[in-house]
Amino acid sequence: MAPPSGADPAAALGRADPLAAEASLAGLEAGAPALRRRLLRWWEHHGRQAIPWKLRPDGSPPGDGEALDPYPVWAAEIMLQQTQLPVMLPYWTGWMARFPDLEALARADSQVVLLQWQGLGYYARARRLHQGARQLLAAGGPGPVVWPRDLPGWLALPGVGRSTAGSILSSAFDQPYAILDGNVKRVLARLIASPRPPARQLAGFWQLSERLLDPERPRVFNQAVMDLGATVCTPRQPRCGACPWQGDCAAYAAGDPARFPVKDAPRPLPFQVIGVGIVLDGDGRVLIDQRLQEGLLGGLWEFPGGKQEPGEPIATTIARELREELAIEAAVGEELIRLDHAYSHKRLRFVVHLCRWISGEPQPLASQQVRWVRPEDLGTYPFPAANARIIAALLERLQGPTSGSEADAGGGSGQPGASRSAA
DNA sequence: AATCCGGGGGG
DNA sequence: CCCCCAGGATT
């Protein structure tokens, strides 16, 4: 169908040819062995510092083929899903301190697990890791845990897909399994100047990653490709002058490597205003609710609220949501704080008002449970990141009102100072 | 194949 | 302000 493009590897992967990856690799000026040699030589000098879960307990690097403890690797790889290493590293450290081994994680309470994950996002990862730990322990019976050593064994665990399984198997056991994360997709897409988004050519990209993998040193090779993608073949301004594959790269030859990987046109993000009520009772306790287990921010706690209807005053929104979701009546008072928050698929503006409880025993009509808590105890509940800023503003308001602004109590709700307190 | 699921870093 | 990310599960 396509016109014969000879040795153009981009055209090769562009076709729906099952051997597209082979053709692409063959089309490269160098074969896989030469590419591996160049990459590993580069990595010897420019690879990133070794990371803790890829070292022996004494901190020295493992030899080729040497096995490592899979538990720290597993936890790290789950945290690394859609999350960059510098971001997750402190979470991993805290995680290992709190749950040092599989048994500790398996017997931990799910709220404690979520609390440890708080702020990292994609909270289903924490729930699945926790569930997987219990699954592994239950399957093993008495005696030490038997860790999976093949792809199906790891894929059987919740939250572990092909790329994560390959990363664990190569990292922990130095077994020859390929990976296909964002770094590898970008490096490969440029290497062959793929004309289509990687998501539309996943099979071809997997084949290419497998063909390229060094079967002799899979652990080092996978790490090297990721380091290349993270430090040289970066999304915006790739440093092609420092790349060991510059002479092999079709995107570089084409003159505009940053154009790859090609992506689909993004859709506009919806914008919503969320009215949030900080409901206080006569004893100074505040009302929170725990979100449903599934869906957005599942299992986390929050302050009650909901979407503002078109044309609806925000105070009406908050009173209505409190009535609909908690079956209570409350007087909506002054604004505490407002903050914008961007998720990957929508933008939200939280407008938070202090409220005074009037009547009605709170009911969990749209949540798992509701609870009156003392403000100083809010830190013991896992909240989404946006709510953590609300808590900070609330505590500041309750504790430190003596900053010479007595007049504020009268209702200076329009003051920008209130919203600045979050920044 | 398309959609959902957080949050932070960086140009 | 926009894009990107060490992806997986669900539909």
Side-chain angles (χ1 to χ4, degrees), chain A residues 48 51 53-54 73-92 114 117-129 131-132 154-168 170-171 177-187 189 196-203 205-206 209 219 222-231 233-239 258-261 263-271 291-300 302 339-348 382-389:
Chain A
R48 290 185 293 186
I51 32 193
W53 54 90
K54 294 198 182 184
V73 176
W74 178 28
E77 293 300 339
I78 297 297
M79 289 184 179
L80 280 166
Q81 290 168 1
Q82 294 298 101
T83 307
Q84 294 177 358
L85 193 147
V87 176
M88 58 71 75
L89 199 47
Y91 286 88
W92 181 85
L114 273 181
W117 199 274
Q118 178 180 38
L120 195 51
Y122 284 113
Y123 298 92
R125 295 184 297 176
R127 287 188 266 113
R128 291 171 183 146
L129 183 55
Q131 179 188 346
W154 280 101
L155 291 177
L157 294 174
V160 177
R162 184 170 171 186
S163 192
T164 298
S167 198
I168 294 172
S170 62
S171 294
Y177 289 92
I179 58 176
L180 192 59
D181 55 18
N183 284 314
V184 178
K185 284 175 188 163
R186 185 174 57 256
V187 170
R196 302 175 57 193
R200 303 192 176 280
Q201 284 290 309
L202 270 189
F205 272 74
W206 270 111
S209 182
R219 169 158 49 205
N222 282 341
Q223 186 62 49
V225 185
M226 288 189 286
D227 285 359
L228 186 67
T231 66
C233 197
T234 51
R236 308 293 179 91
Q237 292 178 291
R239 301 164 47 226
R259 188 162 62 87
F260 301 92
K263 54 190 178 183
D264 289 320
R267 298 190 323 168
L269 296 181
F271 178 82
R291 297 176 62 92
L292 298 177
Q293 200 62 25
E294 300 304 322
L296 183 70
L297 305 168
L300 274 70
E302 65 176 5
L339 48 92
D340 293 338
H341 199 73
Y343 297 89
S344 1
H345 53 296
K346 61 179 141 182
R347 298 176 184 279
L348 301 182
F383 281 85
N387 280 263
R389 297 177 55 191

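Every chain is numbered from 1, with letters handed out A, B, ... down the list of sequences.
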Minimum-distance nucleotide to A:Ser163 side chain [options: C:dG7, C:dA6, B:dA2]: C:dG7

d(CH2, A:Trp154; P, C:dG8) in whole Å: 13 Å

Check: B:dG6 base within 3.5 Å donor-acceptor of A:Thr83 side chain: yes

Backbone N/O of A:Asp340 and side chain of A:Arg347: donor-acceptor pair under 3.5 Å: no

Touch class at under 4.0 angstrom, heavy-atom based, for A:Leu89 against every strand present: nothing

Residue A:Gln81, side-chain heavy atoms: nucleotide from C:dC4, C:dA6, C:dG8 that is nearest: C:dG8

Under 4.0 angstrom between A:Arg347 side-chain N/O and C:dC2 OP1 or OP2: yes

d(CG, A:Asp264; P, C:dC3) in whole Å: 13 Å

Nearest-nucleotide pick for A:Thr164, side chain only, options being B:dG6, B:dG9, C:dG7: C:dG7

5' precedence on DNA chain C between A:Lys263 and A:Arg162 (nearest-nucleotide basis): A:Lys263

Separation of the P atoms in B:dG6 and C:dT11, to the nearest angstrom: 16 Å

Closest contact, heavy atoms only, A:Arg186 versus A:Ala230: NH2-N, 4.2 Å

Residue whose nearest DNA chain B nucleotide is more 5′ - A:Val87 or A:Gln82: A:Gln82

A:Leu85 CG to B:dG10 C1', straight-line distance once rounded to whole Å: 16 Å

Sugar-phosphate, base or nothing in reach of A:Leu120, heavy atoms under 4.0 Å: base

B:dG6 - base-pair partner by Watson-Crick or wobble geometry, distances under 3.5 Å: none

Phosphate-side-chain proximity, A:Lys185 and C:dC5, N/O vs OP1/OP2 below 4.0 Å: no

Closest listed nucleotide, where the reference is the side chain of A:Arg186 and the choices are C:dC2, B:dG9, C:dA6: C:dA6

Gap between atoms OH and C1', on A:Tyr91 and C:dC5 respectively (whole Å): 16 Å

Donor-acceptor under 3.5 Å (A:Asn222 side chain, A:Tyr177 main chain): yes

Report, one pair per line, the protein and nucleotides 9-11 of chain C atoms (nitrogen or oxygen only) whose separation is under 3.5 Å.
from  : atom 1 : to       : atom 2 : distance (Å)
C:dA9 : OP1    : A:Gly159 : N      : 2.8

Base C:dC3 to side chain A:Arg236, donor-acceptor N/O within 3.5 Å cut-off: yes

Nucleotide B:dG10, atom C1' - distance to CZ of A:Arg239 in whole Å: 15 Å

Sidechain-backbone polar pair: A:Arg125 side chain, A:Gly159 backbone, donor-acceptor under 3.5 Å: no

Presence of A:His341 side-chain N/O under 4.0 Å of B:dG7 phosphate oxygens OP1/OP2: yes

Phosphate OP1/OP2 of B:dG7 contacted by A:Tyr123 side-chain N/O (<4.0 Å): yes

Sugar-phosphate only, base, or nothing, as touched by A:Ala385 at under 4.0 Å among non-hydrogen atoms: sugar-phosphate

Touch class at under 4.0 angstrom, heavy-atom based, for A:Pro384 against every strand present: sugar-phosphate

